[in-house]
Novice: 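Quick one: the structure is below, questions incoming.
Bear in mind that the values here come from a model prediction, so they are computed numbers and not experimental data. Computed over heavy atoms, backbone and side chain alike; hydrogens, waters and symmetry mates excluded.
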Amino acid sequence: MSAPIVHGGGITAAAATFGGRPEDWLDLSTGINPCPVALPDIPARAWHRLPDRHLIDEARRAARDHYRSGEILPLPVPGTQSVIQLLPRLVEADRLVGGTDNSVAVTDNRVAVTDNRVAVVSPTYGEYARAFASAGFAVDAVDDIAAIGAGHRLAVVVNPNNPDGLIWPAETLIALHDRMKAADGLLVVDEAFGDTNPALSLASRATQLSNLVIFRSFGKFFGLAGLRLGFAIARSDILARFEDWLGPWAVSGPALSIAASLLRSDVSPIRGRINERCAGLHGVLTGAGLQLSGGTALFTLVADARADDIYTHLCRHHILVRKFDYAPEWLRFGLPPDPAADRRLGEALQRFER
């Protein structure tokens with residue numbers, strides 16, 4: 001089994017190393033909306049009873065309307081991490097049911113073709129490669145969609161990408177889907193940060209893209225990551241497999257109730273607040289002389305040769321950002337929750353000795 005991946009949000013460990021109470025730290029290590037929305041009223045029965053079918057269906061209809069997925073009712077899942085870990089099983093099931101057997105090795109200019117090879121456009125969220133590698137798949141970390149070949153059983157594209165915010169146009173992804181489908185492969189598009197730029201989403205075209213799987217995060221945009229809720233959008237037999245493999249009552253009644261309410265609400269004020277906080281962060285970073293290298297509305301990537309020293313300096317001021325072992329010059333900054341947090345970050349950065 002491969003080693004666990006270090007993600008953002010490790011305030012407890014940071015406090016153990018650099019001191020202070022975890023609740024006093026400023027956590028900028030994630031890409032989660034730091035201004036969580038007000039929770040809607042949750043009926044007492046959602047707490048008291050197991051989540052019944054009508055509650056699941058209500059959340060699915062709300063998600064369909066919010067994501068504009070047409071005839072597809074998105075499947076609620078207990079965080080998209082839960083279905084990322086099911087993808088190797090999905091590929092194997094698809095191969096056994098009727099996929100093309102590519103077990104004879106073939107070589108083109110980029111990769112060797114086998115029946116257990118997948119491609120992940122990288123660098124990106126590390127759990128995709130880890131899930132497949134742990135299941136015995138060969139994982140090709142490619143830096144361009146053009147490197148994805150007919151021998152890949154599945155391809156993963158995070159759009160917009162984490163951590164650099166790279167965006168792939170819809171038509172490029174549709175063309176990739178068609179190539180994957182022609183080779184009996186699947187395309188997974190992770191739109192975890194898609195709510196801040198909904199025009200990028202393929203959800204409205206999913207009914208015409210039969211070999212496409214879309215993952216959407218709920219907690220990042222609404223600032224409710226602790227709810228552990230996401231949605232999968234795909235053709236009905238794929239969603240049925242996910243639902244079966246996750247087992248009964250995979251998503252709690254309160255989570256379903258919250259989703260049904262918030263996905264039907266006017267989210268424009270949420271986007272406005274996120275954009276305001278993003279502008280505040282950019283002002284602090286550029287004011288400190290840092291180079292903005294990418295990002296989304298929910299996080300900003302900085303490239304700096306002194307990244308490790310800046311990381312340690314901020315930790316000593318009880319501010320946690322995200323660093324990357326595979327790109328030691330990168331730091332990812334999440335959004336500060338308010339102007340006071342902007343000032344706290346700015347003051348700490350101004351004290352950094354260059």
Side-chain angles (χ1 to χ4, degrees), residues 8-9 11 21-52 54-69 73-82 191-198 201 203 215-231 249-281 296-300 320 333-345:
I11 286 292
R21 300 185 306 165
E23 57 268 31
D24 294 332
W25 275 62
L26 176 59
D27 185 6
L28 305 180
S29 66
T30 75
I32 299 165
N33 180 357
C35 307
V37 301
L39 290 176
D41 291 335
I42 303 172
R45 62 181 178 276
W47 298 100
H48 173 63
R49 303 183 55 156
L50 291 170
D52 210 343
H54 77 279
L55 194 55
I56 298 171
D57 291 343
E58 187 176 357
R60 296 186 74 169
R61 287 191 293 268
R64 174 197 60 197
D65 296 342
H66 178 81
Y67 298 127
R68 300 180 181 179
S69 58
L73 289 170
L75 177 71
V77 299
T80 51
Q81 181 62 42
S82 67
E191 297 180 349
F193 295 96
D195 274 297
T196 59
N197 194 349
S201 179
F215 292 153
R216 297 293 298 243
S217 168
F218 181 86
K220 289 181 175 62
F221 178 71
F222 290 100
L224 299 173
L227 202 61
R228 305 310 305 135
L229 179 64
F231 288 88
W249 316 302
V251 178
S252 72
L256 293 168
S257 177
I258 290 169
S261 295
L262 292 182
L263 289 173
R264 288 197 175 100
S265 67
D266 178 11
V267 299
S268 56
I270 303 174
R271 289 197 185 101
R273 179 64 171 160
I274 289 172
N275 290 335
E276 174 191 308
R277 292 285 75 238
C278 183
L281 174 62
T296 71
L298 283 168
F299 62 82
T300 296
L320 184 63
F333 288 75
L335 302 184
D338 50 43
D342 290 344
R343 290 191 294 273
R344 178 176 172 183
L345 173 62

Novice: Any chance you could measure S29, atom OG, to I11, atom CD1, to the nearest 0.5 Å?
Specialist: 5.5 Å

Novice: side-chain contact (heavy atoms from CB on, under 4.5 Å) for L335 and L298? Distances and angles first, verdict last.
Specialist: CA-CA 6 Å; L335 302 184; L298 283 168; 4.0 Å; yes

Novice: Quick check: do R68 and P198 have side-chain heavy atoms less than 4.5 Å from each other?
Specialist: no

Novice: Could you tell me which non-hydrogen atom of A250 sits nearest to which non-hydrogen atom of P78, and how far apart they are?
Specialist: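 Scanning both residues completely, I find the closest heavy atoms to be O-CB, 3.4 Å.
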
Novice: Restricting to non-hydrogen atoms, name the atom on V251 and the atom on V77 that form the minimum distance, rounded to 0.1 Å.
Specialist: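 Between these two residues, the closest heavy atoms are CG2-C, 3.4 Å.
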
Novice: Mind checking the CZ-CD spacing from F231 to E191? Nearest 0.5 Å is all I need.
Specialist: 14.0 Å

Novice: Which pair of non-hydrogen atoms, one from P76 and one from R60, has the smallest distance, and what is that distance?
Specialist: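 Looking at all heavy atoms of both residues, the shortest contact is CD-CG, 3.5 Å.
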
Novice: Is it the case that more than 12 heavy atoms not belonging to H54 sit under 6.0 Å from its NE2 atom?
Specialist: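 Yes, NE2 of H54 has more than 12 neighbouring heavy atoms, counting only those of other groups under 6.0 Å.
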
Novice: Within this structure, what is the CD-CG distance for the pair E58 and D52, rounded to the nearest 0.5 Å?
Specialist: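 Here the rounded value is 12.0 Å.
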
Novice: What is the distance from atom NZ of K220 to atom CD1 of I274, rounded to the nearest 0.5 Å?
Specialist: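 Output value for this atom pair is 12.5 Å.
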
Novice: Tell me, do P43 and H48 make a side-chain contact under 4.5 Å, heavy atoms counted?
Specialist: no

Novice: Can S252 and R228 be said to form a side-chain contact (heavy atoms from CB on, under 4.5 Å), step by step?
Specialist: CA-CA 9 Å; S252 72; R228 305 310 305 135; over 6 Å; no

Novice: Can you tell me how far apart CG (L263) and CG (D65) are? Round to the nearest 0.5 Å.
Specialist: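 Separation between the atoms: 9.5 Å.
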
Novice: Closer than 3.5 angstrom, by distance alone: can the side chain of R273 be matched with the main-chain N or O of N33 as a donor-acceptor pair?
Specialist: no

Novice: Flag the pair P74 / Y67 as yes when at least one side-chain heavy-atom distance between them is below 4.5 Å, and no otherwise.
Specialist: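 Yes, side chains in contact.
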
Novice: So, do L227 and I258 sit near enough that their side-chain heavy atoms are less than 4.5 Å apart?
Specialist: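 Contact flag for L227/I258 side chains = yes.
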
Novice: Of all the heavy-atom pairs spanning L281 and L345, show the shortest one and how long it is.
Specialist: CD1-CD2, 3.8 Å

Novice: So, D338 and R277, do they make that salt bridge, N to O below 4.0 Å?
Specialist: no

Novice: Indicate the atoms forming the closest heavy-atom contact of D195 with H66, along with that distance.
Specialist: OD1-NE2, 2.9 Å

Novice: Would you please test L224 and V37 for side-chain contact (heavy atoms from CB on, under 4.5 Å) and show each step?
Specialist: CA-CA 8 Å; L224 299 173; V37 301; 4.1 Å; yes

Novice: Do other residues, nucleotides or ligands put more than 12 heavy atoms under 6.0 Å from the CG atom of D41?
Specialist: no

Novice: Find out whether R271 and E276 are in side-chain contact, i.e. whether some heavy atom of one side chain is under 4.5 Å from a heavy atom of the other.
Specialist: no

Novice: Taking the inter-plane angle between the rings of F193 and F299 on a 0 to 90° scale, is it parallel (under 30°), tilted (30 to 60°) or perpendicular (over 60°)?
Specialist: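 Taking F299 first and then F193, their aromatic rings stand perpendicular (interplane angle over 60°).
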
Novice: Looking only at atom types and distance, does a side-chain atom of S265 sit under 3.5 Å from a main-chain N or O of V267, one as donor and one as acceptor?
Specialist: no

Novice: If you take all heavy atoms of A297 and C278, which pair is closest and at what distance?
Specialist: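 Smallest interatomic distance, heavy atoms only, reads O-CB, 3.5 Å.
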
Novice: Could you give the distance from CZ (R45) to OG (S257), rounded to the nearest 0.5 Å?
Specialist: 8.0 Å

Novice: When you look at T80 and F218, which way does the side-chain contact (heavy atoms from CB on, under 4.5 Å) test go after all the steps?
Specialist: CA-CA 9 Å; T80 51; F218 181 86; over 6 Å; no

Novice: I'd like to know if the side chain of S82 and the backbone of G79 have a donor-acceptor N/O pair within less than 3.5 Å.
Specialist: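 Side chain of S82 to backbone of G79: a pair is present.
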
